[in-house]
Amino acid sequence: MGMQGDFFQLLKEQGYQFGQPAVAGAGVDLPSATTILAFKYRDGVLVAGDRRATAGNMVMYDRTDKVLEIDRHSVMAIAGVPATAYEMVRILEHSFKYYRRTQLQELSFEGKLRAVSKLLKENVAAALAGTGAVVPVFAGYDFEQGAAKIFFYDILGAEFEGVEYAVSGSGSPTIRGILHYVNTWGERPLAALTEEEATVQALRLLTSAAEFDSATGGVNREASLYPVVKFITQEGLRTVPDSTLKQLFETKVSRHV
Amino acid sequence: MYEEPYRWVEAVGNRRIYLDEQFRQGSPVVALGYEGGILLTTASKGTPKLYEIYDRLALGGMGHPADLEKLRFSLLEMAHTEGFNRSPSDVTGSRLVKYGIAPVIKQAFEEVYKAPFIVRMLLAELGQKPEKDTLLTINYDGTFDERRDFAVLAATKQAQTRMQDYLKAQAVSPCSLEQGLLLALCAWAVGSLAHQQDSVEASADSGPERNRDAAAPIPDQAALLAHLREVLVDRTLECAVLERQQAGSSKYRALKPAELARLLPADFQALVTG
């Protein structure tokens, strides 16, 4: 039946395969050389990620975009095997559009969450073989509830809501503690921060992660390389321009580094 | 009995007469380029008739809703699998029509034992540059036509010609969305009036030899808008744009009643928001 607006099903009917392990199980590898984070601020959700891609202890690329826009109101930040993660994002992007265009209505936020979960479940074999594990953070605006929300996943596809914040990647243990501390004993909780304050926090957090995790790229001022920072509000998605990041980094972040 | 060539030609001819009859109640569709992209408009009864097909593709249709749905789904499936397997820039209106649905429609039309598709469709494609914009119209027999500036769907050949003549005479380029919308709606009214005229003539048994070119002159804008207001009492004005400046990959946007009310003359306010 093609009338249900399920793009992934359509792909499968056409013989597309997703999540097949390339080689037989070599055991679980911790697939998370990166740092991504999302937290709620005053007007919505901030999602940010560093830009380094690594293979073992080699830096492969310093301009990766790990905070990927899926539609006008949702992003998926990815930690894990990039090949699988990018493919997942492509499938999701087409799935949400296909649903909207066939059914003449937007897929619900819960429907979107399920779609992410379903793809992760399809991918379990590859994840366990060590060739395709992805641990994403999904954030978007839930129009039914009238609020921006954050969800994080394990490699098996279980979904958890990040009520205040969520992190993933090898640099995440460092900043998880900071987020807890700042949110609990900071001057104000994260949810009260303005857009600018939230951006400063995100830059500081990613800089801290880069300090202790070699697989997380921090800010490279010589090359004008800044992390990717995006906001999700009712109006949609916005990316913070590099010029703003540069100015905030120089005035509010770099003095202690 | 259709095995004989003559019978088959006759059967196909009968189909044309039958199919032409099916569009009588339909609402014309107008698509034209404006400075920000392409706009499509129609006034529908019940089911919507303007749709988003892909990032830069919009569809307008006339005919039987079930047939239109079937072909719309084919277009959506083709466009999305192609866009996923290759790239969104490989999904073009021309490919979808020429190698996708036109052959299917033609085959259904000529297989005289099976039901044909009762549809006329208009596929608008927003090019990367304005000069690459394409408007494709497909008839129920699988023939298609490609235009750049404007395109229309109408119930009869005569209505179609009158709408095209009107657009040709009135078009200003470049025009704003407001100007474009007004022009498109007037062209729609020209088509709608021509439909009425054709129905009257058909029922008055005026005979096929009557000279149709001697049709009444086209009314002025005020009269066209008055007709539109009359019709909108029991129809819904539908308008959608493919906007070049739209952020993100999807360029399609249906105009909401509030925006329509802002763009249209004051006496349309209650009709579009009510």
Side-chain angles (χ1 to χ4, degrees), chain A residues 1-18 65 67-76 84 86-107 115 119 122 140-141 143 230-241, chain B residues 40 44 46-61 65-91 93 96 100-101 104 123-126 236 238 240 242-243 245-254 256:
Chain A
M1 271 292 281
M3 292 292 184
Q4 287 142 6
D6 187 342
F7 180 69
F8 191 49
Q9 185 61 33
L10 180 68
L11 280 182
K12 287 205 279 193
E13 279 165 18
Q14 296 185 349
Y16 176 82
Q17 291 189 327
F18 175 78
D65 187 355
V67 184
L68 303 166
E69 300 185 6
I70 296 183
D71 61 21
R72 284 172 204 164
H73 289 95
S74 41
V75 300
M76 192 163 96
T84 315
Y86 285 129
E87 189 77 349
M88 281 180 67
V89 168
R90 272 167 58 76
I91 296 175
L92 289 173
E93 196 185 339
H94 267 80
S95 299
F96 296 175
K97 282 182 184 173
Y98 185 73
Y99 183 89
R100 182 182 76 224
R101 291 166 182 162
T102 54
Q103 310 301 303
L104 304 177
Q105 64 180 52
E106 200 68 46
L107 181 60
L119 280 182
E122 295 268 341
Y141 196 85
F143 280 93
K230 289 184 199 284
F231 291 112
I232 303 167
T233 61
Q234 191 172 2
E235 283 74 48
L237 269 175
R238 249 175 325 120
T239 306
V240 182
Chain B
L40 292 95
S44 57
T47 52
K49 289 287 192 284
L50 299 182
Y51 303 96
E52 177 182 19
I53 295 297
Y54 201 65
D55 292 357
R56 298 177 155 267
L57 290 170
L59 177 75
D67 286 344
L68 199 58
E69 267 307 274
K70 221 173 190 171
L71 291 167
R72 184 175 78 92
F73 259 83
S74 307
L75 284 170
L76 284 163
E77 276 188 25
M78 281 189 281
H80 286 78
T81 43
E82 180 72 4
F84 177 79
N85 288 325
R86 293 208 170 92
S87 132
S89 49
D90 294 305
V91 180
L96 286 176
I101 56 166
V104 175
L123 194 64
E125 179 181 13
L126 187 75
T236 313
E238 270 189 80
L242 287 166
E243 264 180 331
Q245 295 306 321
Q246 180 82 248
S249 53
S250 297
K251 304 297 180 191
Y252 180 91
R253 184 166 69 85
K256 299 212 172 72

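Computed over heavy atoms, backbone and side chain alike; hydrogens, waters and symmetry mates excluded. The chains referred to below are lettered A, B, ... by the order of the sequence lines, with proteins before strands, and numbering in each begins at 1. Keep in mind it's a predicted model, so treat the numbers as computed, not measured.
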Trainee: Is B:Ala254 close to chain A through its backbone or its side chain, or both, or neither, when contacts mean heavy atoms under 4.5 Å?
Mentor: neither
Trainee: Does any non-hydrogen side-chain atom of B:Thr81 lie less than 4.5 Å from one of A:Phe7?
Mentor: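 Yes - at least one pair of side-chain heavy atoms lies under 4.5 Å apart.
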Trainee: Given a strict heavy-atom distance threshold of 4.5 Å, which part of B:Tyr51 is in contact with chain A: side chain, backbone, both, or neither?
Mentor: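 Looking at B:Tyr51, just its side chain touches chain A.
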Trainee: Side chain, backbone, both or neither: which part of A:Glu93 has a heavy atom under 4.5 Å from chain B?
Mentor: side chain
Trainee: Please determine whether side-chain contact (heavy atoms from CB on, under 4.5 Å) holds for the pair B:Tyr252 and A:Arg101, giving the CA-CA distance in whole Å, both sets of side-chain angles, and the decisive distance to 0.1 Å.
Mentor: CA-CA 10 Å; B:Tyr252 180 91; A:Arg101 291 166 182 162; over 6 Å; no
Trainee: Under 4.5 Å heavy-atom distance to chain B, tell me which part of A:Leu104 shows up: side chain, backbone, both or neither.
Mentor: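 When you check distances to chain B, only side chain atoms of A:Leu104 fall under 4.5 Å.
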Trainee: Would you sort out whether A:Arg100 and B:Glu52 count as a salt bridge (charged side-chain N to carboxylate O under 4.0 Å, His left out), showing the intermediate values?
Mentor: CA-CA 9 Å; A:Arg100 182 182 76 224; B:Glu52 177 182 19; 2.8 Å; yes
Trainee: Does any backbone or side-chain atom of B:Tyr54 lie under 4.5 Å from a heavy atom of chain A? Answer side chain, backbone, both or neither.
Mentor: both
Trainee: Can you classify the ring geometry of A:Tyr16 versus B:Phe84 as parallel (below 30°), tilted (30 to 60°) or perpendicular (above 60°)?
Mentor: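 Because their plane-to-plane angle is over 60°, the rings of A:Tyr16 and B:Phe84 count as perpendicular.
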Trainee: Can you name the nearest heavy-atom pair linking A:Thr239 to A:Lys230, along with the distance?
Mentor: OG1-NZ, 3.0 Å
Trainee: Could you tell me which portion of A:Arg72 (side chain, backbone, both or neither) has an atom closer than 4.5 angstrom to a non-hydrogen atom of chain B?
Mentor: side chain
